[in-house]
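Structure, as structure tokens:
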Amino acid sequence: MKQSSKPFTVTVALLTAFTLLSFSLNCRTAFAQNISSKQAETKAPDQAVTKPDTILVTFVEIGAARCIPCKAMQPIMKEVAQEYKGQVKVVFHDVWTPQGKVDGMKYNIRVIPTQVFLDKNGKEYFRHEGYFPKDELVKVIKIQGVK
């Protein structure tokens, strides 16, 4: 009886993994398309291109599109990107995607969401785990001279 249940268990496990992976990729694509369309709508054709040397802080948000606290960070990320445009670069990595897993390992992420703040030279100067209120986040970016 054990011999016949092992292939069945393996088959169910593989089907489950394939279904979850497929669902994850579909969500990632939808999330990326949503972000791209919103960026296209908000960018005016006459806007100046931001020079890389004016970026004082890179705000790296590491989370997941389906994580509740991570979703709560999305409006804050958008506001920071708009209010401090040209001074702060906002980057989001979804750790539930293949590339995001690599990025999560690069930054040694233990929990999501995690915010990593890099100075103009790319050196990490601050890290926070969990939901990060906007007023506290702004204090952190102002450490590097953001106005």
Side-chain angles (χ1 to χ4, degrees), residues 6 9-147:
K6 188 174 182 179
T9 304
V10 170
T11 303
V12 169
L14 287 173
L15 286 173
T16 303
F18 177 77
T19 303
L20 290 173
L21 179 63
S22 177
F23 180 75
S24 174
L25 292 175
N26 287 338
C27 288
R28 177 179 178 230
T29 303
F31 181 75
Q33 288 172 348
N34 189 22
I35 295 292
S36 297
S37 67
K38 286 181 182 178
Q39 287 173 346
E41 293 170 3
T42 59
K43 186 175 180 182
D46 59 340
Q47 284 181 334
V49 176
T50 304
K51 295 179 183 175
D53 59 336
T54 61
I55 300 297
L56 299 174
V57 174
T58 302
F59 164 29
V60 182
E61 171 76 14
I62 300 135
R66 295 173 298 177
C67 156
I68 301 300
C70 303
K71 284 182 183 180
M73 287 299 301
Q74 293 294 324
I76 294 170
M77 291 168 45
K78 183 183 267 187
E79 289 172 18
V80 167
Q82 290 172 349
E83 291 174 26
Y84 300 98
K85 185 174 185 166
Q87 298 181 76
V88 177
K89 178 181 176 183
V90 178
V91 179
F92 176 76
H93 296 291
D94 187 335
V95 296
W96 290 347
T97 65
Q99 180 58 46
K101 285 180 185 176
V102 172
D103 296 325
M105 290 182 350
K106 172 184 171 186
Y107 290 104
N108 297 316
I109 300 306
R110 298 181 311 151
V111 299
I112 59 171
T114 294
Q115 299 80 31
V116 178
F117 297 87
L118 310 174
D119 65 15
K120 63 183 176 183
N121 298 317
K123 183 179 177 188
E124 181 177 331
Y125 72 92
F126 191 85
R127 176 180 292 238
H128 180 268
E129 294 177 339
Y131 175 80
F132 202 14
K134 183 181 175 189
D135 56 337
E136 296 297 316
L137 190 148
V138 169
K139 289 177 188 175
V140 171
I141 63 174
K142 289 191 174 187
I143 292 171
Q144 294 296 316
V146 172
K147 297 177 182 177

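None of the values given here were measured: they were computed from a predicted structure.
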Please output the side-chain donor-acceptor pairs of residues 132-141 that fall under 3.5 Å, not counting sequence neighbours, one pair per line with the distance.
unit_1	atom_1	unit_2	atom_2	d
Lys134	NZ	Glu79	OE1	3.1
Lys134	NZ	Glu83	OE1	3.1
Lys134	NZ	Glu83	OE2	2.6
Glu136	OE2	Lys139	NZ	3.3

Atom CD1 in Ile62, atom CD1 in Ile109: separation rounded to 0.5 Å?
-> 3.5 Å
If you round to the nearest 0.5 Å, how far is NZ of Lys120 from OG1 of Thr58?
-> 12.0 Å
Summary of ring-ring contact (aromatic ring centres under 6.0 Å, His included) pairs that have at least one residue in residues 57-90, sequence neighbours excluded = Phe59-Phe117
Taking atom CG of Leu118 and atom CZ of Arg127, what is their separation to the nearest 0.5 Å?
-> 9.5 Å
Quick one: do Val91 and Lys89 satisfy side-chain contact (heavy atoms from CB on, under 4.5 Å)? Show the steps, please.
-> CA-CA 7 Å; Val91 179; Lys89 178 181 176 183; 3.9 Å; yes
Separation of Leu56 CG from Ile143 CD1 (nearest 0.5 Å) | 13.0 Å
Nearest-0.5 Å distance that lies between atom CH2 in Trp96 and atom SG in Cys70 | 7.0 Å
Thr54 side chain to Gly86 backbone, donor-acceptor under 3.5 Å = yes
Just how far is it from atom CG of Asn108 to atom CD of Glu124, taken to the nearest 0.5 Å?
-> 9.0 Å
Does any N or O in the side chain of Glu129 come within less than 3.5 Å of the main-chain N or O of Ile112, such that one atom is a donor and the other an acceptor?
-> no
Atom of Tyr125, atom of Asp119 and distance for their closest heavy-atom approach = CD2-N, 3.6 Å
Donor-acceptor under 3.5 Å (Asn121 side chain, Lys123 main chain) | no
Identified side-chain hydrogen bond (donor to acceptor under 3.5 Å, both in side chains) counterpart of Glu61 within the set Gln74, Gln115, His93 = Gln115
Applied to residues 67-77, the salt bridge (charged side-chain N to carboxylate O under 4.0 Å, His left out) test, sequence neighbours excluded, yields none
